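One structure is given here, and the rest of the page talks about it.
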Amino acid sequence: MAAAVKLTSSSVASSPTMQPLYLRTGFHGSSLPSSSFSATPASTDSGCGKSTFMRRLTSVFGGAASPPKGGNPDSNTLISDTTTVICLDDYHSLDRTGRKQKGVTALDPRANNFDLMYEQVKAIKEGKSIEKPIYNHVTGLLDPPETIQPPKIFVIEGLHPMFDARVRELLDFSIYLDISDEVKFAWKIQRDMAERGHSLESIKASISARKPDFDAYIDPQKQHADVVIQVLPTELIPDDNEGKILRVRMIMKDGVPNFNPVYLFDEGSTISWIPCGRKLTCSYPGIKFSYGPDVYYDNEVSVVEMDGQFDRLDELIYVESHLSNISTRFYGEITQQMLKHADFPGSNNGTGFFQTMVGLKIREVYEKLRAKDSPALASAARA
Ligand SMILES: Nc1ncnc2c1ncn2[C@@H]1O[C@H](COP(=O)(O)OP(=O)(O)OP(=O)(O)O)[C@@H](O)[C@H]1O
Ligand SMILES: O=C(CO)[C@H](O)[C@H](O)COP(=O)(O)O
């Protein structure tokens, strides 16, 4: 089963930043059905946290992810025991020079080969290996292809995981990381200025140059996602302009097969909860959770929201125990995952918390699909 997760991050798919991440899982091998599970952690723009989300996701399935052994050192692919994550940048049809000559950005559909993307995602779901191109981010060139074998869970992440209707149809689950302009800017500064030596002007220019195509081609994909993780500035500090405290909303489509939205206290009601006090340590400005039904792009959705940040991750179990439909295998699994990756960006706020929950949801969707195809195999996998 392959899950195609698209981060319209997150992705995985920047002002309002969206990154698409696609996760697709597929069965292969003679004893397995040819159908596959595909999920897409949605995609967002560059620098919106797709990679971080992918690391949380693959960790839920166990095993470390690494590039294909003995292959191109600039491969964008990550392989672990059960999951293979491919980056849709590999379907750029124009290299860096070609885009410059034609005056198009990588976000423009004309710079991407959607026919090949569709054919290859379909082939993986059918249990066939593919010769996938590689876009080399170091040289800006298209390198010779690499062989991708069909994994159990196939994740596609990048800018356009939900752009092409044919590819969308193949996805078993999809996620979009929707980062607001303010937050995207703060993250870009943190990484590109502090860590990569870029100037403030060049970061602003790069965001502005991408914005028209981002709004035209990337952002609209979020309407197709099963889950959108929206990252906004806090509302707990009036006129906050630091962008360090975040308000994060997990928007979950109702009625998605094999997926039951997470809820707080009482399913379907509208809740506002301040968990700070004897069981949860909170420093200024505190933490506020909200939950309730809503409508998003004409779809009925359930939304869980967290504004603020955790002081102590070991106390997270208190919050976890008040959430339901979280798809954990044992009491405290979310807290355990958060503690395991305490050094990842966003581990003290709703970004890490909700990304972890989405990882568990993808695992559950995968297992349910698998159980339908082969009940015996699914129970063996859980054992
Ligand atoms: N949840 C978060 N909280 C705070 N900062 C974050 C978070 N996620 C990502 N960042 C910041 O954004 C940067 C980029 O994260 P990451 O590498 O995961 O993004 P990406 O979308 O994969 O980027 P690219 O596509 O450019 O490789 C991180 O170095 C960090 O500074
Ligand atoms: O949006 C991007 C990745 O998500 C990149 O900008 C795109 O892939 C082009 O790459 P490069 O900037 O290395 O030429």
Side-chain angles (χ1 to χ4, degrees), residues 6-14 17-22 41-57 74 76 78 85-100 104-108 111-112 133-143 155-161 176-180 182-196 198 203 206-207 209-211 213-214 217-218 229-233 242-248 306 309-310 338 341-356 358:
K6 173 188 184 177
L7 291 173
T8 17
S9 49
S10 169
S11 180
V12 4
S14 286
T17 293
M18 159 191 173
Q19 268 183 336
L21 166 119
Y22 303 86
S43 73
T44 357
D45 209 353
S46 160
C48 291
K50 292 188 299 282
S51 310
T52 308
F53 188 5
M54 285 303 87
R55 284 193 291 160
R56 287 191 196 279
L57 181 69
D74 295 328
N76 301 307
L78 283 176
V85 182
I86 65 158
C87 175
L88 297 179
D89 294 348
D90 288 333
Y91 293 100
H92 288 337
S93 52
L94 296 174
D95 63 12
R96 204 174 285 155
T97 309
R99 289 196 301 271
K100 207 169 173 187
V104 295
T105 71
L107 294 77
D108 191 314
N112 295 279
I134 298 175
Y135 176 71
N136 189 320
H137 281 279
V138 179
T139 61
L141 297 171
L142 290 159
D143 283 351
V155 181
I156 57 173
E157 64 93 0
L159 295 167
H160 302 97
Y176 185 94
L177 301 185
D178 186 6
I179 318 294
S180 70
E182 300 92 323
V183 174
K184 185 186 281 190
F185 188 56
W187 288 2
K188 277 263 182 199
I189 288 186
Q190 182 191 322
R191 185 181 72 169
D192 294 353
M193 209 164 143
E195 296 168 22
R196 297 184 179 178
H198 296 185
I203 295 169
S206 134
I207 291 180
R210 293 169 72 95
K211 181 127 173 76
D213 282 353
F214 179 84
Y217 308 120
I218 311 302
I229 297 181
Q230 196 176 40
V231 185
L232 303 153
E242 276 200 47
K244 286 203 175 126
I245 313 282
L246 302 175
R247 179 165 76 99
V248 187
M306 174 186 164
Q309 61 185 31
F310 301 113
M338 292 287 283
H341 302 302
D343 56 327
F344 285 9
S347 286
N348 65 344
N349 62 41
T351 59
F353 196 40
F354 293 150
Q355 284 176 10
T356 303
V358 169

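Because the structure is predicted, anything quoted here is derived from the model rather than measured. Whatever order the structure lists them in is the order used to number ligands and atoms, beginning at 1. For reference, positions follow the sequence shown, starting with 1.
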Cation over ring face, Arg55 and Phe344, 6.0 Å, 45°: yes
Within-cut-off N or O pair, Gln355 and ligand 1, under 3.5 Å: no
Selected option - heavy-atom contact closest to atom 8 (O) of ligand 2, from Lys50, His92, Arg210: His92
Asp89 versus His137, side-chain donor and acceptor atoms under 3.5 Å: yes
Location of contacts on Leu107 toward ligand 2, heavy atoms closer than 4.0 Å: neither
Interfacing atoms of ligand 2 (cut-off 4.0 Å, heavy-atom, Arg99): 9 (C), 10 (O), 11 (P), 14 (O)
Ring-ring centroid check Tyr135 Tyr91, cutoff 6.0 Å: no
For Ser51, the ligand 1 atoms whose distance to one of its heavy atoms is below 4.0 Å: 17 (O), 18 (O), 20 (P), 22 (O)
Element-labelled atoms of ligand 2 that are located less than 4.0 Å from some non-hydrogen atom of Ala106: 7 (C), 9 (C)
Student check: side-chain heavy atoms of Arg56 and Ser347 closer than 4.5 Å: yes
Matching residue for Thr351 among Leu246, Thr356, Val183 - test: side chain to side chain contact (heavy atoms under 4.5 Å, CB included): Leu246
Polar side-chain atom of Asn112 near backbone of Ala106 as donor-acceptor pair, under 3.5 Å: yes
Closest candidate by heavy atom, reference atom 5 (N) of ligand 1, pool Trp187, Phe53, Phe354: Trp187
N/O separation below 3.5 Å, Gly49 to ligand 1: yes
Phe354: ring pair (Phe, Tyr, Trp, His ring centres under 6.0 Å) partners, not counting sequence neighbours: none
Nearest neighbour of atom 13 (O) of ligand 2 from the list His137, Glu157, Lys100, on a heavy-atom basis: His137
Enumerated ligand 1 atoms positioned under 4.0 Å from heavy atoms of Gly346: 1 (N), 2 (C), 3 (N)
N or O contact, Thr351 vs ligand 1, cut-off under 3.5 Å: yes
Any donor-acceptor N/O pair, Ser93 side chain to Ala111 backbone, under 3.5 Å: yes
Atoms of ligand 2 close to Asp89 [distance to a heavy atom under 4.0 angstrom, numbered from 1]: 3 (C), 4 (O), 8 (O)
